[in-house]
Amino acid sequence: NMLTSSRLALSILMFVLVGMGYYFVGLIVFIIAATTDWVDGYWARKYGQVTVLGRILDPFADKVIICGSFIFLMAVPAMQATAWGLRAWMVVVVVAREMLVTMLRGIIEKQGGDFSARWSGKWKMVLQCIAVGVCLFYLSYPILDGQAVPNSPPWVYWLMVASVWSAIVLTIYSGLIYIGAAVKILRK
């Protein structure tokens, strides 16, 4: 629970840094925060320290850092100006998917059903974290006079595009998997 709480605090710090244009420092804070998610889960399972508060707080912290990161990234003018980069509709997809799955989990678990995380959801989180990290790395390059986008090497730009689009595709796919699972459970 302390690791999860630290992830929330680090998320807020990262949002402040991104809002101030300190993208590389924000990237470092994001990596530390994302790592606490893995350490938190590993520790809780290994030592049997799964708590009711942790089962609620951990997914909440995940949603804060992912949804907040995408929202803050979308607010960066250079990201908006980047061809094939992050778009507002993508942020809506991420936030809507997270809200929908949270709602479905609440309904099903209230009825005594099991709506545990699926592998598609875990991989979705991994790709979303990669996309956020690569976007921050991309934005950490300077914007030269007369340009609207960072002066990054082409491989950084294409890595950013590939990671963002991959994360969005898997976000949609995993959302559909969860909807299908919820429909099956609710029909019983």
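We count residues from 1, following the sequence as given. Worth saying up front: this structure is predicted, and the values here are computed from it rather than measured.
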Item to complete: Examine Val92 and Met103 and state if one hydrophobic cluster contains both, with Ile, Leu, Val, Met, Phe, Trp and Tyr joined whenever side-chain heavy atoms are less than 4.5 Å apart.
Response: no
Discussion item. Quick one, Ile66 and Cys129 - any side-chain contact, counting heavy atoms below 4.5 Å?
Written reply: yes
Worksheet item: Between Tyr138 (side chain) and Val161 (backbone), is there a donor-acceptor pair under 3.5 Å?
Response: no
Worksheet item: Taking side chain as C-beta onward, heavy atoms only, is Thr4 less than 4.5 Å from Thr36?
Response: no
Discussion item. Rounded to the nearest 0.5 Å, what separates atom CG in Leu8 from atom CG in Leu57?
Written reply: 5.5 Å
Discussion item. With heavy-atom distances below 4.5 Å as the criterion, would you say the side chains of Val64 and Phe60 are in contact?
Written reply: yes
Discussion item. If we ignore hydrogens and angles and just use 3.5 Å, is the side chain of Ser140 paired with the main-chain N or O of Phe137 as donor and acceptor?
Written reply: yes
Item to complete: Identify the heavy atoms of Tyr23 and Leu139 that sit nearest to each other, and give their distance.
Response: CD1-O, 3.2 Å
Worksheet item: Do you know which two heavy atoms are closest between Arg87 and Gln80, and how far apart they sit?
Response: NH1-O, 3.4 Å
Discussion item. For Ser11, give me all partners under side-chain hydrogen bond (donor to acceptor under 3.5 Å, both in side chains), at least two apart in sequence or on another chain.
Written reply: none
Item to complete: Calculate, to the nearest 0.5 Å, the distance between atoms OG1 and CZ belonging to Thr102 and Arg97 respectively.
Response: 8.0 Å
Worksheet entry | Rounded distance (nearest 0.5 Å) linking atom OG1 of Thr171 with atom CG of Leu176 | 11.0 Å
Discussion item. Please say yes or no: joined through hydrophobic side-chain contacts below 4.5 Å, possibly via intermediate residues, are Trp155 and Val164 part of one cluster?
Written reply: yes
Fill in: Separation between CD1 of Ile179 and CG of Leu104, rounded to the nearest 0.5 Å
7.0 Å
Worksheet item: Should Trp158 and Val169 be counted in the same cluster of Ile, Leu, Val, Met, Phe, Trp and Tyr side chains packed under 4.5 Å apart?
Response: no
Worksheet item: Atom CD1 of Ile31 and atom CG of Leu10: how far apart are they, to the nearest 0.5 Å?
Response: 12.0 Å
Practice prompt. Report yes if some heavy atom in the side chain of Phe70 is under 4.5 Å from a heavy atom in the side chain of Leu86; otherwise report no.
Written response: yes
Worksheet item: So, the side chain of Tyr178 versus the backbone of Leu100: is there a donor-acceptor pair under 3.5 Å, distance only?
Response: no
Item to complete: Heavy atoms only: give me the nearest Gly26-Met14 pair and the separation to one decimal.
Response: O-CG, 3.3 Å
Practice prompt. Could you walk me through whether Ile71 and Val95 pass side-chain contact (heavy atoms from CB on, under 4.5 Å), step by step?
Written response: CA-CA 9 Å; Ile71 290 167; Val95 173; 4.3 Å; yes
Discussion item. Quick one, Val132 and Ile65 - any side-chain contact, counting heavy atoms below 4.5 Å?
Written reply: no
Worksheet entry | For Val25, the option from Leu136, Leu13, Val18, Leu17 that meets side chain to side chain contact (heavy atoms under 4.5 Å, CB included) | Leu17
Worksheet item: Given side chains that start at C-beta, do those of Arg187 and Val183 come closer than 4.5 Å, heavy atoms only?
Response: yes
Fill in: Arg7 versus Ala33, closest heavy-atom pair with distance
CD-O, 3.2 Å
Item to complete: Assess whether atom OH of Tyr141 is packed by more than 12 heavy atoms of other residues, nucleotides or ligands within 6.0 Å.
Response: yes
Worksheet item: Are Arg118 and Ser174 linked by a side-chain donor-acceptor pair shorter than 3.5 Å?
Response: no
Worksheet entry | Minimal non-hydrogen separation, Cys135 against Met160, with atom names | SG-CG, 3.8 Å
Discussion item. Donor-acceptor pair, distance only, cut-off 3.5 Å: does the side chain of Trp165 make one with the backbone of Trp84?
Written reply: yes
Worksheet item: When hydrophobic residues are tied together by side-chain contacts of less than 4.5 Å, even through go-betweens, does Ile143 share a cluster with Tyr157?
Response: no
Worksheet item: When you look at CE of Met99, are more than 12 heavy atoms from neighbouring residues, nucleotides or ligands closer to it than 6.0 Å?
Response: no
Worksheet entry | Shortest non-hydrogen contact between Ser120 and Tyr173, atoms and distance | CB-CE2, 4.1 Å
Practice prompt. Step through the shown structure and confirm whether more than 12 heavy atoms of other residues, nucleotides or ligands are within 6.0 Å of CH2 on Trp119.
Written response: no
Worksheet entry | Which residues share a side-chain hydrogen bond (donor to acceptor under 3.5 Å, both in side chains) with Gln111, sequence neighbours left out | none
Item to complete: Identify whether Phe30 and Ile12 are in the same connected component of the hydrophobic contact network (ILVMFWY, side-chain heavy atoms under 4.5 Å).
Response: no
Worksheet entry | salt bridge (charged side-chain N to carboxylate O under 4.0 Å, His left out) partners for Lys63, two or more places apart | Glu98
